[in-house]
2 protein chains.
Amino acid sequence: MKVPAVTNETSKGQSAAVKHTLEDIGRLAGVSRSTVSRVVNDQGSVSPEVRERVQGVIEKTGFIPNVAARSLASNRSGVIGLVIPSRVHSLFEDPYFGRLIQGISAASNDAGQTLSLFLFQTESEEERLYPRVVSSGLVDGVILTASRMGDPLMGTLMEGTLPFVVIGRPDVPGRVSYVDADNVGGARQAALHLCELGHTRIGYLGAPMSTSAGVDRLQGFLDGLKACGVDLDPSLRADGLFSEQSGYEAMHKIYSHRPEAVFVASDTMAMGALRALRELGANVPQDICMVSFDGLPSSETSTPALTTVHQPIMQSGRRSVEILLGLLRGDVSGPVAEIVPTELVVRDSCGSLRRPAGTEAG
Amino acid sequence: MKVPAVTNETSKGQSAAVKHTLEDIGRLAGVSRSTVSRVVNDQGSVSPEVRERVQGVIEKTGFIPNVAARSLASNRSGVIGLVIPSRVHSLFEDPYFGRLIQGISAASNDAGQTLSLFLFQTESEEERLYPRVVSSGLVDGVILTASRMGDPLMGTLMEGTLPFVVIGRPDVPGRVSYVDADNVGGARQAALHLCELGHTRIGYLGAPMSTSAGVDRLQGFLDGLKACGVDLDPSLRADGLFSEQSGYEAMHKIYSHRPEAVFVASDTMAMGALRALRELGANVPQDICMVSFDGLPSSETSTPALTTVHQPIMQSGRRSVEILLGLLRGDVSGPVAEIVPTELVVRDSCGSLRRPAGTEAG
DNA sequence: TCCTGTGATGGGAGCGCTCCCGGGAGCGCT
DNA sequence: AGCGCTCCCGGGAGCGCTCCCATCACAGGA
C-alpha cells in the first residue's frame, strides 16, 4: 500500500520530501522497527553488519524520527524551556539577555535538546500560559531567569515535579538549583579597587533591590568599603533599573553631593551615568572615577573605556542547561548551587592605572 | 485500575500533580473522550450543559492536554521555529534582535503557539541540526531571519514543504514570503533630509552588502542623492558590519575626506561613528551632521540625540508570525511580501532643525 | 547430550490524542 | 406515518514511536 519511494529519495539526495517511519526504514533494510529504533538511539545490541545496513538506509532516505511520537511514547520531549517573566522587556535593551540566550542555546544544541522561549509580557499572559509550560509535557525542564524576589513562577515550579534551574540567586536558599555570578565578590572587589586608589567619597549607583543582583552587589560593595574603613554616604547612593536612562538619572541625583568615585552596578547603567557626567561637564577619570559591572562590549568602547567587573554571562547560560540536564538524567540529585567567578578588568575610567599584568597598584 | 484522584486535586487547587487524560476527564464528567476533546478545542457541537459540566471538571482538575499526543494525532505541533543562522552572534550586541524576538514571542503567545529558538553558531552546527528542524515534525513553520545572500537554509526551505517566512528581503524575488522594513524608502528620505539642509559632501557608512538591508539602504540613499543632483564621493563611503566598532572604524576611514554630513546605516554603527568623531575633536552637528537608521533607544540617549530613520522592529516580528500563521491555516496562499513603513525622526544631530510639525525646513 | 546464558532480533501493547463514522434523538416537512 | 435533516454524542482506528517480553541461534559448561 504505502510503498516508500526510495528511488526518488536517492535521486533527490538528503531532502526528506517523503515522510518515513521506523517501519519503512526497517522494511527497506530488511529488519524490524525495533532494530531501527535501536540504531537510531544507539542503544541495545545490534550486530555491526545490520547496524551499518540500517544506517545506510537512514542516510539514503534522510529519515528523521518523528519527535511527537517519540515524546508520546517515551514521555520525554527533548525540549527545555527558557522562561523570562513579565516586566523585564525593558531589560532587553541590555545586551545581557542576548548573551545569556546565546549561551543557553549553544549548550542546548550541543546536547541535542531544542530550546523553547517563553517571554511573558504581562502578568495575565504569564498566568494564562504558564500552566501549559509546566504541565502539558511540552518541556522536560525549565530554566528560569530574571525572576524577581517572591516570583510566583518559582512557587509553581517548586510545587510541581518538573526539574528546573534558576539563573540568579533565588530567595529560598537551599531549596532550588541555581547558577549565579559572584555578585558579592565582584562588587567587593570593585569597592576595594576604588579604596586602594585612595578614594573615600565613593558613590553607588545600584541595581533594583527587587533582584538578587541588586541586593548582592550592594552587599559586596558595602563589604568592600567596610574592609577599608570607608562608609557609604547615603546621599551618594541612588538605585536604577538596569537601563541606560536610569543610570543617567541616578547620576544626576547624586552628583551634586560631590562623589570622587562611583561604582555603577551595571555597564548599561554606567553608559547613562557617563552621559550625565558629560552633560554636567565632569571628566572621567579626572573629576570622578568609575567602576561598573558586567564587562559587556559597551564597557570597552565607551569614552573612557570602563574599569568593570566582568562576569561570564554565556558561561552562566551554558552551566544552567548542563545542570538542568544533569537533573533530568538523574546524574545530579539535590539542589545544586553554582557561583561563576567574576573578574575585575582595569581600564581607563579610574585614571592612568591601567597596569601591565603583575604590577602592583599603590 | 487507574483511578484519577479527583478529591486530591480539588484540595490542591489547580496544580496538576496528577496527569489526567481526556478519558479521565470524560469519566469524571460522565461523557466520552470525544466530547471532552470537543470542548477543549472549542469545535464541533456540544450542548451548553455538557460543555459547562466538562469545563468544570477541567478547571477543578487543572487538566492540560498532552501536546505530544496532540501533535502525533493531528500532525500539527503548535510550535513555530525562529531560525537565526550562524555568524550573526556579533549582531547580538545590537538590540535589534532582542526587539525582534520580543515581537515574535508576543505574537506567538497571542496565537497560542509556542516559540522555539534555533541559534546556530557555526555552519557545521547548522548543517547538523537543520534537518531536524525541518523534518522531524518539531515545528509547523519557520521564521528565518538574518539570512545572508544565497543562504543555504533558504534553499532547503524552498525545496521542502514547510511553510516559512523570512524577515528581510530575500534574494529570490517573488518566490518566498517575507516582511521587511522599507529600507529603500527610509534611506532615501534620510538622503533627502540631508540635501534639504544644504549639504553636498555627504558620506555614507554602510551596512554589509551581503545583507539585503545593506544593499537596499545604499540604493535608497543613492536614489535620494540623485533626486537632489548630488553625487556620492567614493572616498566618503565605508561599510561596516552593524557593530559599534565597525562604525567607529568606518568613520575614521572617511573623516579625513571632510564630509559635511553622513548617513550611517544603523544606530549601533552610529554610536561608533559618534565615538570616532569625539576622538577626532569634531562636534556634531556643528562640524558634521549625522542621520542614522533604526530608531533604537540608543539613538535617543546618545550625545547628541540622533536624527534617525525609525523602523518598527517589533511590528516586523509580529507580522512575520501573523503571516506564517496565515500560511499555516491556508488563509493566505501565495508568497506574500510585506513592507513595513519607516519614519524619519528628527532630533539634534543635524543642527537646530528640530522643527515643529508642519513647519518647512529651508 | 542437555541445560543455561547471552547476544541479536521481532513484534505486541500502549502512550493520549484527533479524525471520522455511525447512531440516536428531535425537528419539520410531506 | 414516514422521511430527511440537523444536532449531539460515543467509540474505533490510527498517528509513530518506546518499552518490554518472547524467540531464536549459538556458545560453553556440567
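Since the model is a prediction, treat every value here as computed from it, not as a measurement.
B:Ser105 contributes no side-chain N or O that, together with a main-chain N or O of B:Ile101, makes up a donor-acceptor pair within less than 3.5 Å. For the pair A:Asp140 (side chain) and A:Gly78 (backbone), a donor-acceptor distance under 3.5 Å is present. Formation of a donor-acceptor pair under 3.5 Å by the A:Arg33 side chain with backbone atoms of A:Leu22 is not found in this model.
Phosphate contact (OP1/OP2 of C:dA8, side-chain N/O of A:Ser45, threshold under 4.0 Å): present. Side-chain nitrogen and oxygen atoms of A:Thr35 include at least one within less than 4.0 Å of the OP1 or OP2 phosphate oxygen of C:dG10.
Counting to the nearest Å, the C1' atom of C:dG16 and the CZ atom of B:Arg27 are 13 Å from each other. Following rounding to the nearest Å, A:Glu49 (CD) and C:dA8 (P) show an atom-to-atom distance of 9 Å. Spacing between atom CG of B:Asp24 and atom C1' of C:dC15 amounts to 13 Å, rounded to whole angstrom units. What separates CG of A:Asn75 from C1' of D:dC19 is a distance of 12 Å, to the nearest Å. Going from atom CZ of A:Arg51 over to atom P of C:dG7 covers 14 Å, rounded to whole Å.
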Inset, instruction - Determine, for nucleotides 17-24 of chain C in 5'-to-3' order, which nucleotides have protein heavy atoms under 4.0 Å from the base (write B), from only the sugar-phosphate (write S), or from neither (write -). - result: BBB-----
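With both pairing distances under 3.5 Å, C:dG28 is matched to D:dC3 as a Watson-Crick or G-U wobble pair.
Environment of CG in A:Asp110: crowded, with over 12 heavy atoms of neighbouring residues, nucleotides or ligands closer than 6.0 Å.
Among the atoms of the strands shown, only primed sugar atoms or phosphate atoms (P, OP1, OP2) are found under 4.0 Å from some heavy atom of A:Val31. In this structure, B:Ser47 reaches the sugar-phosphate backbone alone: every heavy-atom distance under 4.0 Å involves primed, P, OP1 or OP2 atoms, never a base.
Between A:Arg51 and A:Asp42, at least one side-chain N (NZ, or NE/NH1/NH2) sits under 4.0 Å from a carboxylate O, which counts as a salt bridge.
Closest approach of A:Asn109 to B:Leu119, counting heavy atoms only: ND2-O, 2.8 Å.
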